[in-house]
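Atoms considered below: every heavy atom in the structure, side chains included; atoms not considered: hydrogens, waters and symmetry mates. Every number for a ligand or one of its atoms is a count from 1 in the order of the listing.
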Amino acid sequence: MNRDNEKINKIKDYEKIAAGEVIERPANVVKELIENSIDAGAKEIRIIIKKAGKTLIQVIDDGKGIPPDDMELAFERYTSSKINSFDDLEKLSTLGFRGEALASISAVSQIEIISRIKKNERGLQLFIEGGKVLRKKEMSCPIGTNIKVKNLFYNIPARKKFLKKDYTELGHITDIIQRYSLAYPDFQFIYQHNELTILNCPASNDLKTTVFHIYGKNIAKFMEYIDYSEKGELFKIYGLVGQPQISKKDRTKSSFFLNRRYVISDIIFRAIKEAYKGTLMINKHPFFILFLELNPSSIDFNIHPKKLYIKFEREDYVYNRVYTIIRDFVEEKFMKQEPKYLDIELEDFIPKEELVEELSSKTQQSETENLETEKAILKTDAIVETEENIIDESVQLHLSEDIINHKPFKKQIPETFLREKFIKKEDFPKVRLISSTGQLSNKIYIVLEGFNETNEPGLYILDQHAASERINKEKLLESYKSSKTSKQKLISPLKIDVSHSEKFFLSDHLGEIKKLGFDFEHFGGNTFILRELPTIIGKVPDINVIKDIIADITKIGKDKSFSEVKEEIINYLACHKSIRGGDDLSLENIRDLIIELADCKDSYHCAHGRPTLRFLSFKELDKLFKRKV
Ligand code: ADP
Ligand code: MG
């Protein structure tokens, strides 16, 4: 190759390339436009979206407007009225500062903007396409800015093709708008999609009112105000902190605002989760809407083009402070009463020693979980000491169904009691007899005796969760195919509020979901009514369990057709409601489980392909023990 011929070229279409950093999808445009309106001092921001932002994103504000002479300049790269130089970044109080949003947006869309400042009678209108101003004219209009971003990526077909289905893109847009209405409860946000008003959040100075509008009453009433500030230095934390029972599976449901800018900060999420330690169920994240205010010079907002991630100057310091403040709050507000789920899982009258033994036998649990449970257990105060009582309590351990259903406690010594008490001898491991057919103490496996297909006698080990998962999967598949799901009608139907993406998913697939046994009806807005549940779910679960199911199946299915994800959803449901490892099973339950498993087409694998049953012949046992045979 002849290097002499190579020369440096100005890259054609560099604006389009650069725009990609800031604008990947309609929601990014919405974010930038809302930020500009906020910076312009608007009090009412109206957002009109068509076709999930793919054809139109319009933002109308009543802010200070753009002076006519600056209009064209505003669409050039690196132009901003907010900073002049790098040093200004340090004292920044506005949301925008890179001066590239409008330039980027206009490089990849068709723009129509009208803006008027107070001192002018009329406003100026501009038409811009692919970054070039096509026309401009003066016209009468209210003070403020009205910008239409049309046909996003009309000039980059490849990128357009990568946009997701409408309800996914709309979900992202809704998410952004919700975060900003939370950050600015004193602004009015009106948000419409294809003429339907999705959100109309009136200006109020009360964050709970905004939470009520966005998440509904059942979330708002479980949130507590926090307001912490320190004299002297700037370190303020305020907002709403959710009680443990409204914790979420997905941490991104919570919102964190740093100097009123919505950001994602791993450090903060970790500090807050840690502060909730001992109150949350495994895999749950606390739900909160928190604002942190710090001296802007200790934060670098400029590490990410979309300004979504940030860097703190003193990370450890911020982590520790946030942790301590939230921990104190959690201890004070949420730890004095027992969290609800503990009431169900651990009964007060179980004697301490028994429980500690139970604990140490839960080999499957991680150490931290053990610690958490242990703390919870040690808090149960009704510890009964007498010999007679201990017998009763050990009976209680096997009556978890009754505990959950709050049936009166039956006083009776079961025949298994003698078999299950530990034998304690000095210099000898603590052992106990297990029932000839029953669960091992970790409640994951069931030991059985039997013969294999070649009539060889031996030991069977059944994984109770895997087995029930298989049974449920086949029941669900069968009923899905035949449309004859065995269902249970709810005496009082449940009203459930869902998120936007969940709403789109549910309403698109009501029929298919009904075939699985969930009879949802759209009630209006973001609310659905649940009238029926598949019988495999057993007793009617807590509403939050239903919500989790909706969230999970939406996640599995949202960007695909239902037939593509049907099996995955069925596997998920089969797994969800199955008997878990760790559940107590009566001898009767075990018998039913075995009979149903035997009826399955594939008795030997769970929904995910793990084995359900394993065999060890007595011969193999003999080999293990080096017996001569
Ligand atoms: P930045 O927000 O980082 O300054 P932008 O490209 O988003 O950069 O906007 C460029 C400039 O256009 C802003 O600095 C501001 O002066 C002006 N501007 C943009 N949108 C509005 C609006 N809605 N109202 C008033 N001025 C605006
Ligand atoms: Mg901006």
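- For a threshold of 3.5 Å applied to N or O pairs, the pair formed by Glu32 and ligand 1 contains no separation below that value.
- Residue Ile105 is tested with Ile128, Asn28, Val149 for a side-chain contact (heavy atoms from CB on, under 4.5 Å); the sole match is Val149.
- Asp328 pairs by the salt bridge (Lys or Arg N to Asp or Glu O under 4.0 Å) definition with nothing, not counting sequence neighbours.
- Both the backbone and the side chain of Ala74 come within contact range of ligand 1, each with a heavy atom under 4.0 Å.
- When only interatomic distances are considered, the shortest N/O to N/O separation between Ala40 and ligand 1 does not fall below 3.5 Å.
- When non-hydrogen atoms are compared, ligand 1 lies under 4.0 Å from the side chain of Thr145 (C-beta onward) but not from its backbone.
- Of the N and O atoms on the side chains of Glu230 and Tyr228, at least one donor lies less than 3.5 Å from an acceptor on the other residue.
- For the pair Arg46 and Tyr191, the cation-pi criterion (under 6.0 Å, within 45° of the ring axis) is not fulfilled.
- Nearest residue to atom 26 (N) of ligand 1 from Ile45, Ile66, Asp61 is Ile66 (criterion: closest heavy atom).
- Of all atoms in ligand 1, numbered sequentially from 1 with element shown, those under 4.0 Å from a heavy atom of Ala101 are 6 (O), 7 (O).
- Pro26 approaches Ile57 most closely through the heavy-atom pair O-CD1, 3.7 Å.
- Judged by distance alone, the side chains of Asn146 and Gln58 do bring a donor and an acceptor atom under 3.5 Å apart.
- Heavy-atom separations between Gly65 and ligand 1 include at least one value shorter than 4.0 Å.
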